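For this chain, numbers begin at 1 and follow the sequence in order. Excluded from the calculations below are hydrogen atoms, water molecules and symmetry mates; all remaining heavy atoms, backbone and side chain alike, are included. Predicted model, so just to flag it, every value in this text is computed and none were measured.
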Amino acid sequence: MGYHSIAFFSGFLLDLVLGDPYWLPHPVRLIGALIAGLEKRIRKWGKKNVNQDTMEFWQGAGLVLIVTTSVGTGAFVLLFLAYRLHPYAGMIVEAIMTYQILAVKCLRVESMKVYQCLKEGDLAKARTAVSMIVGRDTACLDEEGVAKAAIETVAENTCDGVIAPMLLLAAGGPVLGFFYKAVNTMDSMIGYHNEKYLYFGKVAARLDDVLNFIPARISAILMIIASFLAGKPFCSKNALKIYKRDRRKHASPNSAQTEAVCAGALGIRLAGDASYFGKIVKKPYIGEARRRAEYEDIRRANHLMYLTAWLCEILCIWMIL
């Protein structure tokens with residue numbers, strides 16, 4: 001195995017073991033701080049005689065250009081200097097950067113906090129826990145609603161937080177991986193379809209859609225295979241059926257891909273109307289309600305996510321070699 005394949009596999013294992021401990025500084029938090037700081041400054045730019053929507057669009061485009069260029073350049077310089085110092089130093093730095101780009105254990109840890117609260121019967125704490133990982137309003141969710149929100153987050157982020165960055169790491173190393181994380185972080189911060197970000201966040205949202213288009217579909221295929229390997233209580237046949245039927249039932253061209261597979265594999269119904277910033281957003285249902293979603297489905301969704309991640313790891317190692 002070459003340096004890059006060793007670094008790639010080592011970074012994956014580091015993520016599985018360490019996750020994202022709060023005491024450890026994380027580059028994504030720095031990227032988030034960069035985005036927030038630049039947004040305040042960039043919004044002050046512009047001319048009074050220019051259409052407000054047009055100005056916000058170009059301000060947002062400028063933010064995307066500055067952030068992606070800065071993050072990509074920073075990653076390239078750090079990796080280049082490490083490999084110039086010594087191949088082993090480069091391999092270690094690349095492994096650490098790979099670890100910081102992936103979010104397998106972090107996704108499991110945060111969603112399992114919701115699981116534990118629901119298992120203990122503490123709905124108030126469960127609502128608080130799930131509010132940390134979803135963008136919707138959670139104060140009025142019942143137990144099933146909280147469980148579904150956590151399951152949907154695990155399913156959707158199997159692509160965003162695991163498979164997509166893994167594939168891009170395999171294709172272009174940490175430079176492309178951090179480029180993706182910069183775009184994905186911008187999408188999560190400014191990619192909203194509300195009055196404040198409708199035009200300002202449009203470029204970030206569209207670029208995120210483009211980068212996730214192929215990975216989302218690969219994620220879905222790998223998750224269907226994972227549902228077959230997982231055995232009971234997962235149903236790969238139903239996962240494939242719901243995927244074919246419901247994979248386009250989302251405003252995003254990518255989000256329903258893995259959600260549909262997960263819903264089908266578990267035999268539950270996900271999505272539907274949700275409240276954002278006090279307003280109800282109409283959404284189609286994904287899946288069939290063969291039974292009610294329960295807190296155990298959060299654990300099952302994580303099991304499916306881990307199997308999918310391992311399948312992708314094997315695929316990526318093969319790509320690198």
Hey, mind stepping through K105 and L18 against side-chain contact (heavy atoms from CB on, under 4.5 Å) and telling me if it holds?
CA-CA 7 Å; K105 186 175 181 179; L18 300 178; over 6 Å; no
To the nearest 0.5 Å, what is the distance between [atom1] on [X] and [atom2] on [Y]?
| X | Y | atom1 | atom2 | result |
| --- | --- | --- | --- | --- |
| M132 | S111 | CE | OG | 14.0 Å |
| D122 | E143 | CG | CD | 10.0 Å |
| E144 | I268 | CD | CD1 | 8.0 Å |
| D137 | I280 | CG | CD1 | 8.0 Å |

Looking only at heavy atoms, what is the nearest atom pair of I35 and A182, with distance?
CD1-O, 4.3 Å
Check the angle between the aromatic planes of Y295 and Y115 and answer parallel, tilted or perpendicular using the 30° and 60° thresholds.
perpendicular
Using the ring of each side chain (for Trp, its six-membered ring), is W310 parallel, tilted or perpendicular to F12, with breaks at 30° and 60°?
perpendicular
Same cluster or not: [X] versus [Y], using hydrophobic residues (I, L, V, M, F, W, Y) connected whenever any side-chain heavy atoms lie under 4.5 Å apart?
| X | Y | answer |
| --- | --- | --- |
| L13 | I317 | yes |
| L167 | F213 | yes |
| L107 | V130 | no |
| I96 | Y3 | no |
| F76 | V183 | no |

Is there a side-chain contact between [X] and [Y] in this structure, where contact means two heavy atoms from C-beta onward sitting under 4.5 Å apart?
| X | Y | answer |
| --- | --- | --- |
| Q59 | E56 | yes |
| D160 | N212 | yes |
| Y243 | T258 | no |
| I190 | K196 | no |
| L176 | L169 | no |
| Y83 | E94 | yes |
| Y306 | L16 | yes |
| T98 | M166 | no |

So with a 6.0 Å cut-off around [atom1] of [X], is the heavy-atom count from everything else above 12?
| X | atom1 | result |
| --- | --- | --- |
| M319 | CE | yes |
| L229 | CG | yes |
| F57 | CZ | yes |

May I ask you to decide whether [X] forms a salt bridge with [Y], counting only side-chain N to carboxylate O separations under 4.0 Å?
| X | Y | value |
| --- | --- | --- |
| E288 | R245 | yes |
| E296 | R300 | no |
| R29 | D20 | yes |
| K148 | E259 | no |
| K202 | D53 | no |

So, the side chain of [X] versus the backbone of [Y]: is there a donor-acceptor pair under 3.5 Å, distance only?
| X | Y | value |
| --- | --- | --- |
| D208 | D187 | no |
| R291 | L266 | yes |
| D246 | K249 | no |
| Y199 | E195 | no |
| N302 | I298 | yes |
| S255 | A251 | no |
| S10 | A7 | no |
| R41 | G37 | yes |
| H303 | A230 | no |
| T69 | I66 | no |

Chi angles and distances behind the side-chain contact (heavy atoms from CB on, under 4.5 Å) call for C262, I151:
CA-CA 8 Å; C262 188; I151 295 161; 4.0 Å; yes
Matching residue for L270 among K283, E156, E152 - test: side chain to side chain contact (heavy atoms under 4.5 Å, CB included):
E152
My understanding is that only one of L307, T308, V162, T158 makes a side chain to side chain contact (heavy atoms under 4.5 Å, CB included) with L222; could you say which?
T308
With sequence neighbours excluded, what pairs up with K282 under the side-chain hydrogen bond (donor to acceptor under 3.5 Å, both in side chains) test?
D273
